[in-house]
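Excluded from the calculations below are hydrogen atoms, water molecules and symmetry mates; all remaining heavy atoms, backbone and side chain alike, are included. Numbered from 1 within each chain, the chains take letters A, B, ... in sequence-line order.
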Amino acid sequence: MVVLGQFIEVLIGGLLAGVLYSLVALGFVLIFKASGVFNFAQGAMVLLAGLALVRSLDFLAARGVPMWAAIVLGLLFAAVVMAITAALIQKLVLGPLVNQSDLSLFMATIGITFVLEGAGQMIFGSDVYPLSLFPTDAWFVLDGLFEGGLLVNKLDVWGGLIAGALVAGLAIFFQRTKTGRALRAVADDHAAAESVGIPITWIWFVVWLVAGLVALVAATVWGTKLGVQFSIVFLALKALPVLIIGGFTSVPGAIVGGLIVGAGEKIAEVYLGQQIGGGIEYWFAYVLALAVLLVRPQGLFGERIIERI
Amino acid sequence: MKADVQERSGAAGAGHAGTDRAIGDVLLSVENVSLAFGGVKAISDVSFDIRKGEIRAIIGPNGAGKTSMLNVINGFYHPNQGTITFKGTKRHDMRPYIAASQGISRTFQNLALFKGMTTLDNIMAGRALKMRRGLLWQALHWGPALWEEIRHREAVEKIIDFLEIQHIRKAPVGKLPYGLQKRVELGRALAMEPELLLLDEPMAGMNLEEKMDMSRYILTVNDQFATTVALIEHDMGVVMDISDRVVVLEYGRKIADGTPDEVQRNQRVIDAYLGISH
């Protein structure tokens, strides 16, 4: 029973941690779906959103604004910052690059990364800022069944709930609305989308705005977990295996990929780590991704690449 | 081009005869349009017009500048010289968004469909400009946005019935055979309820039966919805059958313009197609 209890605990912890990876991966998927661009800047956008949020919270709290009002205003402020960022990226970077190759656009997003990192820290500061939007203590559940109960982190549960709501909303938006359809259309073929009167510049703004808002949501959870700090940028690296496993074009894929990575690396760490010396958590996801690439290059949920010859 | 004795000939053509469709005033005219890519001249000083209600063909050997001309009309290319007048508004160049919102829709030579999306979604995308509800309503997916979605879905179903593609409604178009993809692309263009429909080789790569179907769709669209059609096509039989007037390009220049009969008899056209020099 102790063995089973430990396994379940590790599994739950892993799955919930995986949801947090999914939150970051989602931002990538959105932009990739709508513009065919791998957005290297997603990690930097999480950092920027987090900094805007935590600094405005501190600012408001220091002036005696009640907590709930500060949170609402802080989220609004951060959302506006992400909207301005989206507009600037569209205007200054993507606009001049319409109809250029995907590789040029990808390179441009690397540039965007550096600008966002630099500008974000110049404006909002570069320390580690603690954020406490969600409870970080733990529950012990199923006390009767397992000795001492199972440890479940409350923050992880919050992350899971938020991610679930986010995915449901995005799925409806993408599949059932005019703008969602236009987003998919632009991703498939710029010229065809233009020919039916879809305004590409507006669509790209919407995409980057939505990706920015997803980054903000990710920042609330990750910021609470790690504190808002520069190393959040490297979350982008952890999202990469998630995307490869789930498929770059699939919102559900980002979620399932996150779960597989989260659960996989925790289980590997606990059960395999003892045999081969630990530290597996840091590279296990990449091995999983490599295995998926060999068998199913488009990822578990990715759209099969259709080429007519 | 002095040789264009036919240029001023009447509108009603030999082909597509027997119907008494009203061919109206000039809907679109291009005047002295030139287009160059670096040193390569794609179009040199070409003028012609398209009248309301007619089927206008643009023909010519490969590399004559036909597709470039369509791209100029719908705003993908901006001409170096010349003007485009559509519905009385004279412009130096078109923009795709303006062309689309003013009532010009098109299909593409090599198909430009949204391959990952279903037939239904592809054609619904053609309604993008007709759907007005804002992002917020759409995000809620409720109320006015939902009613609007349902209303446009009805219009799209009519097009699907018309083109006889009910059975592939939910299929991702990337997996369909070529002929059906061409039909879906036509459906998307029709969903915009265009005044001017530009078709870039609508029958390329089709067998005889598919060509006959496609000709029937084009004629019906032209007849019943009074949609003006401009098409590029290599199948001369089809061109002479369905079009009212034909403009012929060669090496980016206009060499003839007139009814199918006149164009067929034109010596320069015969030379261009047979490659005779004298």
Side-chain angles (χ1 to χ4, degrees), chain A residues 29 32-34 36 83 86 98-99 165-166 168-207 209-210 213 247-251 253 298 301-309, chain B residues 70-71 74-76 95-108 110-118 120-135 137-142 145-146 148-149 152 172-178 181 185 188-189 191-192 194 198:
Chain A
V29 169
F32 193 81
K33 263 177 93 89
V98 176
N99 287 332
L166 197 63
L170 289 173
I172 291 177
F173 181 65
F174 261 89
Q175 294 300 327
R176 296 289 168 82
T177 68
K178 176 188 85 165
T179 305
R181 202 179 297 116
L183 290 172
R184 287 184 290 148
V186 170
D188 257 354
D189 196 312
H190 289 182
E194 277 192 295
S195 83
V196 294
I198 293 169
I200 288 202
T201 49
W202 164 249
I203 290 299
W204 276 2
F205 167 71
V206 172
V207 175
L209 174 62
V210 173
L213 296 180
F248 277 86
T249 48
S250 168
V251 170
Q298 73 268 39
F301 291 79
E303 282 159 17
R304 171 158 285 183
I305 302 135
I306 303 162
E307 295 271 8
R308 296 187 75 93
I309 304 164
Chain B
L70 281 204
N71 284 339
N74 115 295
F76 282 147
R95 305 275 157 182
Y97 179 77
I98 292 175
S101 56
Q102 298 270 311
I104 300 179
S105 74
R106 71 169 290 176
T107 66
F108 295 81
N110 297 317
L111 286 172
L113 282 165
F114 310 126
K115 288 190 191 301
M117 290 160 53
T118 62
L120 191 60
D121 275 345
N122 265 276
I123 301 179
M124 279 296 275
R127 306 287 296 180
L129 280 168
K130 302 219 170 287
M131 297 171 74
R132 288 268 165 253
R133 291 294 154 193
L135 208 51
W137 278 115
Q138 293 176 44
L140 292 173
H141 192 56
W142 177 77
L146 197 57
E148 186 180 48
E149 186 86 7
H152 287 281
V173 296
K175 291 181 177 159
L176 296 174
Y178 190 75
Q181 292 198 22
E185 204 188 19
R188 187 183 64 197
M192 295 169 67
L198 308 173

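Contact check for B/Glu149 versus A/Arg181: side-chain heavy atoms found under the 4.5 Å cut-off. Counting only heavy atoms from C-beta outward, the side chains of B/Phe114 and A/Arg184 never approach each other to under 4.5 Å.
The contact between B/Leu113 and chain A is made entirely by backbone atoms, counting heavy-atom distances below 4.5 Å. Contacts of B/Met192 with chain A are made by side-chain atoms alone, with heavy-atom separations under 4.5 Å and no backbone atom involved. Only the side chain of B/Asn74 comes within less than 4.5 Å of a heavy atom in chain A; its backbone stays farther off.
Not a single side-chain hydrogen bond (donor to acceptor under 3.5 Å, both in side chains) links B/Asn122 to another residue, sequence neighbours left out. Take A/Asp189 and apply the salt bridge (Lys or Arg N to Asp or Glu O under 4.0 Å) test, not counting sequence neighbours, and it matches no residue.
The distance from the CG atom of B/Asn71 to the OG atom of A/Ser195 is 10.5 Å, given to the nearest 0.5 Å.
When each of B/Glu185, B/Arg95, B/Met117 is checked for heavy-atom pairs under 4.5 Å with chain A, B/Met117 comes out on top. In terms of non-hydrogen atom pairs under 4.5 Å with chain A, the most contact-rich of B/Leu198, B/Asp121, B/Ile98 is B/Asp121. When A/Pro199, A/Ala182, A/Ala193, A/Gly197 are compared by the number of non-hydrogen pairs under 4.5 Å with chain B, A/Gly197 comes out ahead.
Considering all non-hydrogen atoms of both residues, B/Pro96 and A/Glu194 come closest at CG-OE2, 3.6 Å.
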